[in-house]
Every structure is written in structure tokens, then in C-alpha cells.
Visitor: 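A single structure is presented below for examination.
Since this is a predicted model, take the numbers as computed values, not measurements. For ligands, and for the atoms within them, numbers begin at 1 and follow the listed sequence. Computation of the quantities below employed the complete heavy-atom set of this structure, encompassing side-chain atoms and omitting hydrogens, waters and symmetry-equivalent molecules.
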Amino acid sequence: MQNRRKLFARAVATAAVALAAVSLQPAGAAMAGTPDEPSTRIVGGTPAEQGEFPWMVRLSMGCGGALYAKDVVLTAAHCVDGSGPNTGITATGGVVDLDDPAAVSVKSTEVLQAPGYNGTGKDWALIKLAEPIDQPTLKIAENDAGNNGDFTIAGWGADVEGGQQQQKMLKATVPFVDDDTCKGAYAELVPGEELCAGLMDQGGVDSCQGDSGGPMFRKDEAGEWLQVGIVSWGEGCARPGKPGVYTEVSTFAADIKAGAGQLG
Ligand code: 4AZ
């Protein structure tokens with residue numbers, strides 16, 4: 001588990017470098033060599049519309065995140081190095097296209113990595129921003145009522161296992177996978193702290209390298225978006241029998257709330 005996560009962290013760092021290279025290409029040539037058809041452009045995803053998921057942010061280390069508050073990003077613990085003052089992360093929001101001149105980029109001031117995080121479970125962290133990003137925030141699940149059905153995932157991660165980071169945000173829908181089934185796929189699963197989603201039989205739709213830290217979300221009873229997961233890990237991407245594993249947000253809702261209150 002520890003080894004697998006470290007492997008992923010390396011993959012993300014490499015992918016972030018790849019994205020930086022992509023960003024230097026002229027517009028239009030940026031994704032040259034990458035097929036453009038939605039069906040082949042993420043692991044089973046399609047392009048998100050501008051403004052569709054306004055709380056989505058891209059983090060400079062190559063992870064995703066969601067605005068918990070206008071100046072606080074919720075992401076994965078494995079995307080950050082630890083807790084304390086930190087001005088080394090940039091969060092980019094307000095756009096689906098990272099090269100859109102309307103993108104708003106804000107630096108971090110402080111990071112809170114989940115207390116007790118040791119590479120297994122507890123995969124959440126908060127990043128305080130120097131200034132607010134003026135976009136709607138994403139509410140987090142405070143109970144397990146939403147841990148079922150279909151979920152939406154979104155991000156700028158790879159469109160295929162081992163693939164490049166994406167300039168434009170992609171989205172996909174993945175169904176809940178129950179703990180017993182997921183434990184069958186991954187003996188190391190921590191059922192109380194992790195939640196699985198994906199197409200067990202056929203695979204083909206999943207989060208992937210660089211989507212880590214981004215939210216998994218659904219509509220609640222009132223029709224409002226609710227974050228139920230944080231992209232955490234999995235064996236490869238979109239493999240049949242190997243669902244994506246997500247931090248179970250409801251388990252940590254009280255800790256996340258308290259943590260956000262402690263940020264400077
Ligand atoms: C990653 O490394 C990663 N297929 C994210 C999601 C999954 C695997 C790896 C799940 O960011």
C-alpha cells in the first residue's frame with residue numbers, strides 16, 4: 001500500500017512536468033499527438049463545460065482539489081508533503097482550460113495534512129490560499145447517506161493509464177462499489193476510510209494519474225452538489241476488476257471542518 005502510493009506520487013510528479021511542457025506549446029498545437037475524440041480522451045470521460053464544476057482547482061504539484069471555502073482547497077494527503085506554512089503551491093481555478101487567460105492562480109500560505117496520515121487511509125489535506133478564488137464552493141458529505149449510486153469525477157489527469165495530463169478538464173460518471181466487493185479487489189482497503197467506485201466488470205471509466213486530490217461528487221436530496229470522495233488511488237486506471245479508491249469524505253467531515261477552522 002505504502003509502496004503503491006509512492007509509485008503513484010512519482011507518476012503525478014512526472015505528469016506535472018509533462019503538463020508544464022504541454023503548456024508551452026502554442027494554442028491548438030498543445031495536444032498534438034493526442035487523439036481529440038471525446039471517447040478516447042480520458043478514461044471514459046468527456047469535456048466538462050466552462051462553469052459546470054466551478055469549485056474545481058488544479059494544483060501545481062499535479063493534483064486536483066475542490067474549494068471547500070473560497071480560500072481553502074480540499075485535496076489528498078498524498079498530494080502534499082506535510083503540515084505547516086507553505087507558499088510553494090499554486091491553485092488555479094475558474095476555468096476548464098488551464099491555458100484560458102481567465103484562469104485565476106493563487107499561492108498557498110499553509111497546508112494541513114490529515115493528522116495521523118501514514119500512507120494508508122486518511123488521504124485528505126487542506127490548503128489555505130493567500131487570497132480567495134471567487135467561485136462557488138463544494139459542500140462536503142457529513143454522513144454516509146450519499147455513499148451509493150452514481151458519482152461524478154472530474155480533473156485534468158491522464159486520459160489513459162500512463163498517459164499525459166490534460167489541458168482541459170474532463171469528467172466522467174462512475175458507480176459505487178460496495179466495500180466487500182472492493183476488498184476483494186484490494187486486500188489493503190480501509191473500508192471505514194475509503195470508498196470505491198468504477199465499472200467492476202468492464203472497466204473503461206476511472207480517475208487516473210493527476211486526478212488525485214480532486215473531488216468525487218453527486219447531487220444531494222436538495223439537488224445540490226455534494227462531495228463524497230477524494231481521488232486517492234487504484235491499481236492502474238480503468239482496469240476491469242480494479243475500481244478507483246476514494247477517501248470517504250463523510251468519515252472525516254468533522255476533522256476537515258475543524259482543520260479548516262485552525263488554518264491561519
Ligand atoms: C493517481 O496517481 C491516481 N484509477 C489516481 C486515481 C487512480 C489511480 C492513480 C485510480 O493520481
Side-chain angles (χ1 to χ4, degrees), residues 1-20 41-45 56-66 73-81 89 113-114 117 119-125 127 151-166 169-177 181-190 193-217 227-249:
M1 183 60 228
Q2 189 88 331
N3 286 338
R4 171 177 292 130
R5 202 180 298 279
K6 278 181 184 151
L7 187 75
F8 288 164
R10 269 201 303 280
V12 170
T14 307
V17 170
L19 178 67
R41 278 194 64 203
I42 199 184
V43 197
M56 288 289 302
V57 302
R58 175 71 174 181
L59 299 172
S60 52
M61 84 295 279
C63 281
V73 174
L74 178 58
T75 187
H78 81 264
C79 289
V80 301
D81 285 335
I89 301 170
Q113 190 178 45
Y117 174 71
T120 300
K122 300 180 180 54
D123 197 7
W124 65 270
I127 300 173
F151 306 123
T152 302
I153 48 176
W156 292 268
D159 61 351
V160 66
E161 188 176 323
Q164 291 185 27
Q165 298 294 286
Q166 301 293 303
M169 192 199 304
L170 298 171
K171 63 174 177 176
T173 303
V174 282
F176 172 77
V177 172
T181 302
C182 197
K183 192 91 185 162
Y186 301 120
E188 64 269 55
L189 186 79
V190 186
E193 301 186 1
E194 296 175 321
L195 170 68
C196 303
L199 297 169
M200 282 299 289
D201 292 344
Q202 62 265 48
V205 186
D206 200 4
S207 49
C208 200
Q209 286 85 14
D211 291 320
S212 271
M216 179 168 79
F217 47 96
Q227 181 171 1
V228 298
I230 300 168
V231 179
S232 182
W233 63 278
E235 191 174 317
C237 306
R239 299 183 190 179
K242 297 294 178 182
V245 183
Y246 299 81
T247 309
E248 191 167 327
V249 165

Visitor: Which ligand 1 atoms, with their elements, are less than 4.0 angstrom from a heavy-atom of Q209?
Guide: 1 (C), 2 (O), 3 (C), 11 (O)
Visitor: Check ligand 1 against C237 and write out every atom of the ligand that is under 4.0 Å from a heavy-atom position of the residue.
Guide: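 Near C237, meaning under 4.0 Å from one of its heavy atoms, ligand 1 has 4 (N).
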Visitor: Please identify which atoms of ligand 1 are closer than 4.0 Å to at least one heavy atom of S212.
Guide: 1 (C), 2 (O), 3 (C), 5 (C), 11 (O)
Visitor: What do we get for S232 next to ligand 1 when only non-hydrogen atoms under 4.0 Å count, side chain, backbone, both or neither?
Guide: neither
Visitor: Side chains of I127 and V80, heavy atoms from C-beta outward: is any pair under 4.5 Å?
Guide: yes
Visitor: Quick one: do M61 and D81 satisfy side-chain contact (heavy atoms from CB on, under 4.5 Å)? Show the steps, please.
Guide: CA-CA 11 Å; M61 84 295 279; D81 285 335; over 6 Å; no
Visitor: Just verifying a value: how many Å separate I89 CD1 and C63 SG, rounded to the nearest 0.5 Å?
Guide: 9.0 Å
Visitor: Within the side chain of D206, is there an N or O that forms a donor-acceptor pair under 3.5 Å with the backbone of V43?
Guide: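 Such a contact is absent between D206 side chain and V43 backbone.
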Visitor: Would a 4.5 Å heavy-atom cut-off, applied to side chains only, mark T120 and V190 as touching?
Guide: yes
Visitor: Any atoms of ligand 1 less than 4.0 Å from a non-hydrogen atom of S207? List them with their elements.
Guide: 4 (N), 6 (C), 7 (C), 10 (C)
Visitor: Please confirm whether G210 comes within less than 3.5 Å of ligand 1 when only nitrogen or oxygen atoms on both sides are compared.
Guide: yes
Visitor: By number and element, which atoms of ligand 1 are closer than 4.0 Å to a non-hydrogen atom of G236?
Guide: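 What qualifies from ligand 1 is 4 (N), 8 (C), 10 (C).
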Visitor: Side chain, backbone, both or neither: which applies to V43 and ligand 1 if a contact is any heavy-atom pair less than 4.0 Å apart?
Guide: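 Neither part.
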Visitor: About how many Å separate CD of E193 and CG of D123, when rounded to the nearest 0.5 Å?
Guide: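 With rounding to 0.5 Å, CG (D123) is 10.0 Å from CD (E193).
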Visitor: Under 4.0 Å from a heavy atom of V231: give me the atoms of ligand 1 that qualify, with their elements.
Guide: 5 (C), 6 (C)
Visitor: What atoms in ligand 1 come closer than 4.0 Å to a heavy atom of D206?
Guide: 4 (N), 10 (C)
Visitor: Using modelled atom types and a 3.5 Å cut-off, is there a donor and acceptor pairing between side-chain atoms of K171 and backbone atoms of G45?
Guide: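 Checking the backbone N and O of G45 against the side chain of K171, no donor-acceptor pair under 3.5 Å is found.
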